[in-house]
Amino acid sequence: MSVSLKLATSLDGRIATASGESQWITGPASREQVHRLRAAHHAVVIGIETALADDPELTVRLPGYKGRQPARVVLDSRQRLTPGCKLAQTAREVPTFVIATGEADPALVDAGVRVLTVPAISEDRPDLKSVVQALGAEGLINLFVEGGGQVAGSFLRCGLVDALEWFRAPIVLGGEGRPAIGALAVAALAEAPHFRRVEVGQLGDDLWERYARA
Ligand SMILES: NC(=O)c1ccc[n+]([C@@H]2O[C@H](COP(=O)([O-])OP(=O)(O)OC[C@H]3O[C@@H](n4cnc5c(N)ncnc54)[C@H](OP(=O)(O)O)[C@@H]3O)[C@@H](O)[C@H]2O)c1
């Protein structure tokens with residue numbers, strides 16, 4: 001089992017403006033690399049707020065790519081994902097999972113979405129350790145978490161992040177922009193998740209930093 005967390009941010013670690021605009025903070029070379037990373041994982045994981053804000057496809061779209069598509073997974077306790085969104089509309093071609101805490105919504109199931117019900121913890125949200133186990137049971141072992149900030153924070157808080165793939169664009173969004181990583185409840189520096197940088201490169205105008213859990 002492994003979890004990689006992708007962050008595509010401004011220099012000051014923001015993933016969207018206050019109004020939620022985030023496409024596109026990073027440049028085309030970074031986005032292409034993100035598609036290569038998707039192809040190297042079994043599943044791409046996002047939170048429901050990202051699904052609702054961006055209506056993403058989360059597929060690998062690279063010139064000439066004919067390989068396997070990773071499954072798409074939405075953390076969505078209350079099943080707010082709509083059957084009309086791109087993920088549900090393409091669920092019969094690319095495996096698509098909703099992780100909920102209640103019984104499966106028939107409208108999503110009819111669209112071909114697999115609803116996995118897992119135990120809830122605080123705020124009635126799925127317990128991420130159970131989520132990782134449930135996905136592992138489906139053969140989805142290597143997960144690529146693409147945000148947003150709340151989901152990134154939850155994975156880090158649970159100590160589940162093995163690697164960071166951090167794409168940093170040369171813009172500054174300021175304090176009112178949305179943070180790449182939500183609340184972590186870190187009381188002392190020693191408690192903060194620590195990483196060690198394993199690689200750094202340049203993609204167009206962006207920096208690509210890779211970190212492993214220390
Ligand atoms: N720049 C980038 O690369 C990038 C990437 C992704 C997103 N974004 C932007 O980020 C914004 C959305 O981010 P966000 O932080 O507001 O929301 P988010 O992390 O996408 O989704 C959060 C929601 O996921 C659900 N959830 C279920 N289980 C969870 C868990 N264990 N931990 C946390 N959340 C859980 C919760 O809704 P329920 O309680 O209803 O389940 C929660 O409100 C959008 O503007 C999007 O465009 C940018």
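Heavy-atom basis, side chains included; hydrogens, waters and symmetry copies ignored. As the structure lists them, so they are numbered: ligands from 1, and atoms in each ligand from 1. Heads up: numbering here begins at 1 and tracks the sequence.
Residue R80 touches ligand 1 through its side chain alone, judged by heavy-atom distances below 4.0 Å.
Residue P126 places a heavy atom less than 4.0 Å from ligand 1. Heavy atoms of I46 stay at 4.0 angstrom or farther from ligand 1. Heavy atoms of K6 come nearer than 4.0 angstrom to ligand 1 in at least one pair.
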Identify each donor-acceptor pair in which a side-chain atom of residues 125-143 lies under 3.5 Å from a protein atom, sequence neighbours left out, and give them as a table.
| residue | atom | partner | partner atom | Å |
| --- | --- | --- | --- | --- |
| R125 | NH1 | Q150 | OE1 | 3.3 |
| R125 | NH2 | Q150 | OE1 | 3.2 |
| D127 | OD1 | K129 | N | 3.4 |
| D127 | OD2 | S130 | OG | 2.7 |
| E138 | OE1 | R114 | NH1 | 3.2 |
| E138 | OE1 | R114 | NH2 | 3.4 |
| E138 | OE2 | R114 | NH2 | 2.8 |
| N142 | OD1 | S2 | OG | 3.2 |

Pairs of donor and acceptor atoms involving the side chains of residues 50-60, under 3.5 Å and at least two apart or interchain, shall be tabulated with distances.
| residue | atom | partner | partner atom | Å |
| --- | --- | --- | --- | --- |
| T50 | OG1 | G148 | N | 3.1 |
| D55 | OD1 | K86 | N | 2.8 |
| T59 | OG1 | R61 | NH1 | 2.8 |

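Atom CZ of R197 sits in a sparse spot, with 12 or fewer heavy atoms from other residues, nucleotides or ligands closer than 6.0 Å.
Of all protein heavy atoms, the one closest to atom 6 (C) of ligand 1 is E146 O, 3.2 Å. Looking at atom 9 (C) of ligand 1, its nearest protein heavy atom turns out to be I15 CD1, 3.9 Å.
Polar contact with ligand 1: absent for I25 (N/O pair, distance under 3.5 Å). Taking distance alone, with nitrogen or oxygen atoms compared against 3.5 Å, G20 approaches ligand 1 more closely than that limit.
For the pair R31 and W24, the cation-pi test (distance below 6.0 Å, angle within 45°) is passed.
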